[in-house]
Amino acid sequence: MSTPYPFTAIVGQDDLRLGLLLNAVSPAVGGVLVRGEKGTAKSTAVRALAALMPEVSVVPGCRFSCDPGAPDPACPDGPHGDGTGVSRAARTVELPVGASEDRLVGALDIERALSEGVKAFEPGLLADAHRGILYVDEVNLLHDHLVDLLLDAAAMGASYVEREGVSVRHAARFLLVGTMNPEEGELRPQLLDRFGLTVEVAASRDTDQRVEVVRRRLAHDDDPVAFAARWAEEEAALRDRITAARALLPRVVLGDGVLRQIAATCAAFEVDGMRADIVMARTATALAAWAGREEVLAEDVRQAALLALPHRRRRNPFDAPGLDEDKLDDTLQEAAGDEAGGEGGNDPDPDGPHPDGPGDGGGGDDGGGGGGVPPQADGSGTTGPAQEGSTDAPGRSAGAEQQPVASAEPFRTRMLSVPGLGEGAAGRRSRARTEHGRTTGSRRPQGALTKLHLSATVQAAAPHQHARGRSGRGLVVRRDDLRQATREGREGNLVLFVVDASGSMAARQRMSAVKGAVLSLLLDAYQRRDKVGLVTFRGKDAEVALPPTSSVDAAAARLESLPTGGRTPLAAGLLKAHDVLRVERLRDPSRRPLLVVVTDGRATGGPEPVALAGRAGRLHRSEGTASVVVDCESGIVRLGLAAQLARDLGGTAVTLDELRADSIAGLVKDVTTAGRAA
């Protein structure tokens, strides 16, 4: 077994360490989501936390880690009688992004259940993580059906496995820790809200601190055992402090004044629901216990807000998490003043120092990565500034270029889907054969049986009952009789935007409306779990502004910084899109593309630009690429060039007005392909 990197040897990352330690003190806080760029010790810190967690007492032989003092009465390995438990280390269970449903929740032996009536159950990762840590690296890439199961287990504290009337339930209470790189896409709001705290991490720009990071990492890799021994004393001290804070936690007093500050803060930042208030209260209590106090102070409330609110106040997927600290301080002071006034005290001097203030409010520098205990909650643990979109707009030319314009207000778009039946990654756009959805038929299982088609299985087994010597009530079922249910659901697609950024788009002041339409489609792609890419064309050529990615907000940032000007090389844009799709078909052949061309159809530059654009469009049509042209032409006189381009592509043309879901034009339009048009 490999020796993990010591928690106390991690350099810097105070917010990350504090968030994890608060959950170790009080698991009721609800876990932590760690957001940050790659290579910032996210996974290292989470794995190192396991060595600091107090041991748990379990029933001997119980696969579900039942507490001998209060065993689960519905435990599949029960009932458990009174007995002495055995102690073991708390587990850290990692959920791979590509795990199957059976691996997560466990699997039933359907054949034995049908023929013998036996609930033969093999526990999954949720059972292993009970009373421990469930760690999901790259949690934002987790498939939707696994997210749904995690949400159910986190909400109910139990996991249910049901297959064709056979049901198994077991306790599943765990500390949920997730790490993610925001560049690869965001989390669903439902799962985001399940994380009690969130922290933002980034690599230090301080030279000395970076040197220390490298020095310690190399020392650990050269001799992990010796390196861990160097930090054993600090690890033991931190472990003892966690144990002491856990013991102190029940005695911590959460006064009415503090509760009023918590409620006022959540109301001021307009967070949804009441979970934020509860998480803040639990976090502030854990902070007080961590500091060795029996009373929660305003500084605890402030730090709790910085950890518990940023990810709950986002209003759309493109808003970066963050909190206005000046507004936070004003809210806390106002709530404290109201409380003092209500108790008959004197009004505080607005020019004087606030008695419950966080001190100097400055950053608590630990000297470039001291390996000791993170600093107290003193306002230094912020989530950092909001990440802004890159201003380095690719492809700027020295011609008659106009500065980027702001996008119009986004709107709800009509459903655009790829026709036919795909087999791509689970999503919410186009019809596909999936593991989840409505049952459409049956087939022989290929590999392990996951979804039993009961009636088809019975029909396959029924003719052989006499030959198999059936004498009792049970059905004699053989392996060859089992039938897998085929299901139809929805898949995510690759939505590749080809956006006209030429001078003709800016000349009529249409670029703001065009950006608003593309932003609306990006929001729709986020909700439908698509990958997106962005190709722009103007001047003399086209370029890939954003290669296909799951990070829809990255596409939105590139769109906002997109300048306009120059000629309209429409053919170049279509050919560049063809190159992108050709590469993506090799990388992910099961994900079907949807080409969205946003243009007025005009083409300029070079010989016969319109004819050349038509030939490029027919190239896409010959390969069966589903496409839609968003016609941006305006004015009384319309040339109809976008509609002609749609015919060349074998797709559909919609105007900006028709793109709206509430458009009078009406119903959902499926995008047509060349084969369908024929």
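Between the side chain of Ser159 and the backbone N or O of Ala153 there is no donor-acceptor pair closer than 3.5 Å. A donor-acceptor pair is defined here as one N or O able to donate and one able to accept, closer than 3.5 Å; such a pair exists between the side chain of Lys515 and the backbone of Glu560. At distances below 3.5 Å, not a single donor-acceptor pair connects side-chain atoms of Arg443 with backbone N or O atoms of Ala485. Remark: the backbone N or O of Val535 is not paired with any side-chain donor or acceptor of Glu543 at under 3.5 angstrom. A donor-acceptor pair is defined here as one N or O able to donate and one able to accept, closer than 3.5 Å; such a pair exists between the side chain of Asn23 and the backbone of Gly19. In this structure, Arg312 contributes its side chain and Ala308 its backbone to a donor-acceptor pair below 3.5 Å. Put simply, the side chain of Arg618 never gets that close to the backbone of Ala613: no donor and acceptor are under 3.5 Å apart. A donor-acceptor pair under 3.5 Å is formed between the side chain of Ser520 and the backbone N or O of Gly516. Side-chain atoms of Thr486 come within 3.5 Å of backbone atoms of Gly441 as a donor-acceptor pair (strictly under, hydrogens ignored). Here the side chain of Arg528 pairs a donor or acceptor atom with the backbone of Arg428 at under 3.5 angstrom.
Taking OG1 from Thr413 and CZ from Phe411, the interatomic distance works out to 7.0 Å, rounded to the nearest 0.5 Å. The line from CG of Leu197 to CG of Leu20 is 9.5 Å long, rounded to the nearest 0.5 Å. Here the straight-line distance linking atom CG of Asn181 with atom NZ of Lys42 works out to 6.0 Å at 0.5 Å rounding. Considering OG of Ser627 and CG of Asp648, their distance stands at 10.0 Å, rounded to 0.5 Å. Residue Asn140 holds its CG atom at 4.0 Å from CE of Met180, rounded to the nearest 0.5 Å. In this structure, Ile133 CD1 and Leu49 CG are separated by 4.5 Å, a value rounded to the nearest 0.5 Å.
Side-chain contact between Asp15 and Leu306: absent, with no pair of heavy atoms (C-beta onward) separated by less than 4.5 Å. Side-chain contact between Leu126 and Leu134: present, with at least one pair of heavy atoms (C-beta onward) separated by less than 4.5 Å. Residues Leu421 and Arg433 are in side-chain contact: their nearest non-hydrogen atoms beyond the backbone lie under 4.5 Å apart. When side chains are defined from C-beta on, Leu95 counts as touching Leu150, because their heavy atoms get closer than 4.5 Å. Residues Val32 and Phe195 fail the side-chain proximity criterion, which asks for heavy atoms closer than 4.5 Å. Side-chain contact between Val598 and Cys632: present, with at least one pair of heavy atoms (C-beta onward) separated by less than 4.5 Å. Under the 4.5 Å side-chain criterion, counting only non-hydrogen atoms from C-beta, Thr625 is not in contact with Arg621. Residues Val654 and Val628 meet the side-chain proximity criterion, which asks for heavy atoms closer than 4.5 Å.
Under the 4.0 Å criterion applied to side-chain N and carboxylate O atoms, Glu423 and Arg592 are not assigned as salt-bridge partners. A salt bridge between Asp530 and Arg429 is present, with a side-chain N of the basic residue lying under 4.0 Å from a carboxylate O of the acidic one. Between Glu488 and Arg431, at least one side-chain nitrogen of the basic residue sits less than 4.0 Å from a carboxylate oxygen of the acidic one, meeting the salt-bridge criterion.
Heavy atoms only, all atoms of each residue included: Ala653 and Ala643 are closest at CB-CA, 4.1 Å. Looking at every heavy atom in both residues, Leu546 comes nearest to Ala554 through CD2-C, 4.0 Å. Shown here for Val279 and Gly196, the closest heavy-atom pair between the two residues is CG1-O, 3.3 Å. Summarising the geometry of Gly36 relative to Thr40, their closest heavy-atom pair is C-OG1, 4.5 Å, with the distance given to 0.1 Å. What you find for Pro410 and Leu523 is that their closest heavy atoms are CB-CD1, 3.7 Å. Minimum heavy-atom separation, Thr652 to Ala646: C-CB, 3.9 Å.
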Going through the checks in order, is the side-chain contact (heavy atoms from CB on, under 4.5 Å) test met by His453 and Thr439?
CA-CA 9 Å; His453 195 296; Thr439 301; 3.7 Å; yes
The test is side-chain contact (heavy atoms from CB on, under 4.5 Å); show your working for Tyr135 and Leu175 and say whether it passes.
CA-CA 8 Å; Tyr135 171 47; Leu175 173 60; over 6 Å; no
For Arg103 and Leu125, what are the C-alpha separation, side-chain angles and deciding distance, and is it a side-chain contact (heavy atoms from CB on, under 4.5 Å)?
CA-CA 6 Å; Arg103 184 72 187 99; Leu125 295 177; 3.3 Å; yes
Take Leu619 and Leu575 through the side-chain contact (heavy atoms from CB on, under 4.5 Å) test and state the conclusion after the steps.
CA-CA 9 Å; Leu619 177 62; Leu575 292 174; 4.1 Å; yes
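Of the listed residues (Thr44, Thr179, Val34), just one forms a side chain to side chain contact (heavy atoms under 4.5 Å, CB included) with Leu16, and that residue is Val34.
Under the rule for a salt bridge (Lys or Arg N to Asp or Glu O under 4.0 Å), Asp631 has no partner lying at least two apart in sequence or in another chain.
For the ring pair (Phe, Tyr, Trp, His ring centres under 6.0 Å) condition, the pairs that include at least one residue of residues 552-590, sequence neighbours left out, are His578-His620.
Thr568 and Ser502 share a side-chain donor-acceptor pair at under 3.5 Å. When only modelled atom types and interatomic distance are considered, Asn493 and Glu491 share a side-chain donor-acceptor pair under 3.5 Å.
Heavy-atom neighbours of Arg567 CZ from other residues, nucleotides or ligands within 6.0 Å: at or below the threshold of 12.
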